[in-house]
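For reference, the structure is listed below as structure tokens.
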Amino acid sequence: MNAIVPEILVEEDMTAFIADPMSAFRAHVQAVTGISIGPAKESMIRQRLGKPLSQTDFSTVEQYLRAMLTNPGLHRELAAAVDLMTTNTTYFFREQAHFDFLAGTIVPDMAEDHGPGRHFRLNIWSAASSEGAEAYTTAMVLSELQTLHTGMDYAIIGTDISPRMVKLARNGIYKFNQTDRIPGFLRRKYLMTGVHGDMRGKVRFCPELRRRTKFACMNLKQDRYPISPNVDVAFLRNVLIYFEPDDQQLVIARVVSRIRKGGHLFVGHSESMIVDHPGMEQIAPSIFRKI
């Protein structure tokens with residue numbers, strides 16, 4: 001990133017002045033992403049902006065934020081700053097019960113509905129996919145199930161607001177310690193171990209799983225979702241908790257509109273009480289079915 005030179009604020013351009021850039025930035029993040037960052041998390045903002053700030057000529061976070069919020073020429077820097085505020089904590093096989101339900105109930109029921117040996121396809125949507133652990137976990141589970149249900153095919157789309165996370169997910173490359181929760185037989189089957197250069201100490205998912213698992217940038221705050229309305233299972237886990245109540249219900253309604261009748265919605269275990277939609281019935285903790 002090129003160094004950003006602070007602009008001189010002239011008296012004739014006082015409209016560009018922001019008295020409280022920290023509050024203005026938190027409001028901007030919420031408007032763009034739906035993520036509500038309270039005043040108590042100001043230290044988190046400072047910590048996450050520390051590295052990009054060090055690459056500029058600004059001396060304080062407030063100066064940096066004010067410049068990004070008032071100078072259209074810094075829109076890329078502002079977008080990158082917003083990206084840094086997104087929470088990307090995830091890991092493989094997180095909330096195991098969901099994958100057990102997928103493997104033990106959803107897939108067998110679909111196979112039975114279609115008949116022995118008949119072709120059927122699962123369309124999976126990871127609606128806040130972060131760096132891809134949720135999507136690749138699902139891909140491993142479904143790939144294993146193909147040995148039992150030979151007529152089954154599947155496709156997975158992962159979407160996330162963060163271009164950084166989407167890029168990481170598309171590459172399918174992780175450090176060894178990030179894959180500790182993946183059972184050993186699955187690691188040996190689906191992960192390729194790097195031995196040279198930058199890949200030393202890292203693993204990458206095999207081409208077959210990467211081919212079936214696509215990723216794209218998408219903001220859950222946008223009005224229309226570019227997802228076909230034939231989703232069998234939508235993962236919307238551990239993201240609603242960061243939204244205000246009105247935004248929570250808007251996001252739920254938009255995600256549900258992409259799920260086919262009889263399809264399922266998985267949310268985080270702390271989010272079950274948030275789902276209040278007339279088209280969904282709760283059938284298990286944090287698992288809903290479209291009626």
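Screening Ile287, Ile274, Val275 for a side-chain contact (heavy atoms from CB on, under 4.5 Å) involving Val267 leaves a single residue, Val275.
Across all their heavy atoms, Gly158 and Ser129 have their closest contact at C-OG, 3.5 Å. Across all their heavy atoms, Val61 and Arg46 have their closest contact at CB-NH1, 3.8 Å. Scanning all heavy atoms of the two residues, the minimum distance from Ile259 to Lys290 falls at O-NZ, 2.8 Å. Scanning all heavy atoms of the two residues, the minimum distance from Ala111 to His149 falls at CB-ND1, 3.5 Å. The shortest non-hydrogen separation linking Met85 to Ile45 is SD-CG1, 3.9 Å. The shortest heavy-atom contact between Val141 and Phe93 is CG2-CE2, 3.9 Å.
Contact of the Val233 side chain with the Ile106 side chain is registered, since non-hydrogen atoms from C-beta on lie closer than 4.5 Å. Using a 4.5 Å heavy-atom cutoff, the side chains of Asp153 and Phe120 are not in contact. Tyr154 is listed as a side-chain neighbour of Arg212, based on a closest heavy-atom distance under 4.5 Å. For the pair Thr147/Leu145, no side-chain contact is recorded, criterion being any heavy-atom separation below 4.5 Å from C-beta on. Counting heavy atoms from C-beta outward, Phe243 and Gln30 have side chains that stay 4.5 Å or more apart. Side-chain contact between Tyr225 and Val251 is present, with heavy atoms from C-beta onward closer than 4.5 Å. Ile35 has its side chain within reach of Ile37: a pair of non-hydrogen atoms, C-beta onward, lies under 4.5 Å apart. For the pair Leu84 and Pro52, the minimum side-chain heavy-atom distance is below 4.5 Å.
Using modelled atom types, one side-chain atom of Gln146 and one backbone atom of Met152 make a donor-acceptor pair closer than 3.5 Å. The backbone N or O of Ile173 sits nowhere less than 3.5 Å from a side-chain atom of Asn171 that would complete a donor-acceptor pair. Proximity of a side-chain donor or acceptor of Gln222 to a complementary backbone N or O of Arg224 within less than 3.5 Å is detected. Remark: side-chain polar atoms of Arg121 are not paired, donor with acceptor, to backbone N or O of Ala155 under 3.5 angstrom. In terms of modelled atom types and a separation under 3.5 Å, the side chain of Glu62 and the main chain of Asp20 share no donor-acceptor contact. Side chain of Thr56 to main chain of Phe58: a donor-acceptor pair is present (N/O by atom type, distance under 3.5 Å, no hydrogens or angles). Side-chain atoms of Thr86 come within 3.5 Å of backbone N or O of Asp83 as a donor-acceptor pair. The backbone N or O of Leu191 lies less than 3.5 Å from no partner atom in the side chain of Arg204, so there is not a single donor-acceptor pair. A distance-only check finds no donor-acceptor pair linking the side chain of Asp232 to the backbone of His264 [under 3.5 Å]. Of the possible donor and acceptor atoms, one in the side chain of Ser257 sits under 3.5 Å from a partner among the backbone N and O of Arg254.
Note that CE of Met68 and CD1 of Ile18 are 10.5 Å apart. Values are rounded to the nearest 0.5 Å. Leu122 contributes atom CG, which lies 4.0 Å from atom CE of Met110 (distance to the nearest 0.5 angstrom). Atom CZ of residue Phe235 and atom CD of residue Glu95 lie 10.0 Å apart, to the nearest 0.5 angstrom. Here CG of Asp180 is found 12.5 Å from NZ of Lys175. Values are rounded to the nearest 0.5 Å. In this structure, the separation between CG on Leu53 and OG on Ser59 is 8.0 Å, given to the nearest 0.5 Å. Interatomic distance, CD1 of Ile291 versus CD1 of Ile283, reported as 11.5 Å (0.5 Å rounding).
The distance between the ring centers of Tyr190 and Phe92 does not fall below 6.0 angstrom. Less than 6.0 angstrom separates the ring centroid of His98 from the ring centroid of His269. When ring centroids are compared, Phe215 and Tyr136 come within the 6.0 Å threshold.
Within 6.0 Å of NZ in Lys189 there are more than 12 heavy atoms belonging to other residues, nucleotides or ligands. At most 12 non-hydrogen atoms from other residues, nucleotides or ligands lie less than 6.0 angstrom from CG of Asp198.
Using a 4.5 Å cut-off between side-chain heavy atoms of Ile, Leu, Val, Met, Phe, Trp and Tyr, with links allowed through other members, Tyr242 and Phe266 fall into different hydrophobic clusters. No continuous path of hydrophobic side-chain contacts links Ile161 to Val82 [ILVMFWY only; heavy atoms under 4.5 Å]. Cluster membership check: Ile157 shares its hydrophobic cluster with Val239, using side-chain heavy-atom separations under 4.5 Å among Ile, Leu, Val, Met, Phe, Trp and Tyr. Using a 4.5 Å cut-off between side-chain heavy atoms of Ile, Leu, Val, Met, Phe, Trp and Tyr, with links allowed through other members, Val203 and Met192 fall into different hydrophobic clusters. Hydrophobic clustering (ILVMFWY, side-chain heavy atoms < 4.5 Å, transitive): Phe99 and Phe101 are in one cluster.
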*asked:* Does Arg258 form a side chain to side chain contact (heavy atoms under 4.5 Å, CB included) with Asn230? I'd like the steps, not just the answer.
replied: CA-CA 6 Å; Arg258 305 293 89 188; Asn230 62 345; over 6 Å; no

_Could you walk me through whether Arg118 and Glu112 satisfy the salt bridge (Lys or Arg N to Asp or Glu O under 4.0 Å) test, starting with their C-alpha distance in whole Å, then the side-chain angles of each, then the deciding distance to 0.1 Å, before giving a yes or no?_
CA-CA 9 Å; Arg118 298 290 297 275; Glu112 183 177 354; over 6 Å; no

Can Asp160 and Met218 be said to form a side chain to side chain contact (heavy atoms under 4.5 Å, CB included), step by step?
-> CA-CA 5 Å; Asp160 198 90; Met218 197 197 84; over 6 Å; no

Q) Stepwise, does the salt bridge (Lys or Arg N to Asp or Glu O under 4.0 Å) test hold for Arg237 with Glu134? A) CA-CA 10 Å; Arg237 307 192 304 175; Glu134 181 176 84; 2.7 Å; yes

task: Begin from the C-alpha positions of Leu78 and Leu65 and carry the test side chain to side chain contact (heavy atoms under 4.5 Å, CB included) through to its verdict.
output: CA-CA 8 Å; Leu78 179 58; Leu65 290 174; 5.9 Å; no

Assess whether salt bridge (Lys or Arg N to Asp or Glu O under 4.0 Å) is satisfied between Arg26 and Glu42, documenting all intermediate values. CA-CA 9 Å; Arg26 288 192 285 108; Glu42 180 179 312; over 6 Å; no

Ring pair (Phe, Tyr, Trp, His ring centres under 6.0 Å) for His277 and Phe288? Distances and angles first, verdict last.
CA-CA 10 Å; His277 191 283; Phe288 296 80; over 10 Å; no

Problem - side chain to side chain contact (heavy atoms under 4.5 Å, CB included) between Leu168 and Arg164, worked out - result: CA-CA 6 Å; Leu168 289 172; Arg164 290 183 299 119; 5.5 Å; no

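Judged by distance alone, the side chains of Glu131 and Gln178 do bring a donor and an acceptor atom under 3.5 Å apart.
Seen from the ring of Tyr91, Arg181 counts as a face-on cation partner, given the 6.0 Å and 45° thresholds.
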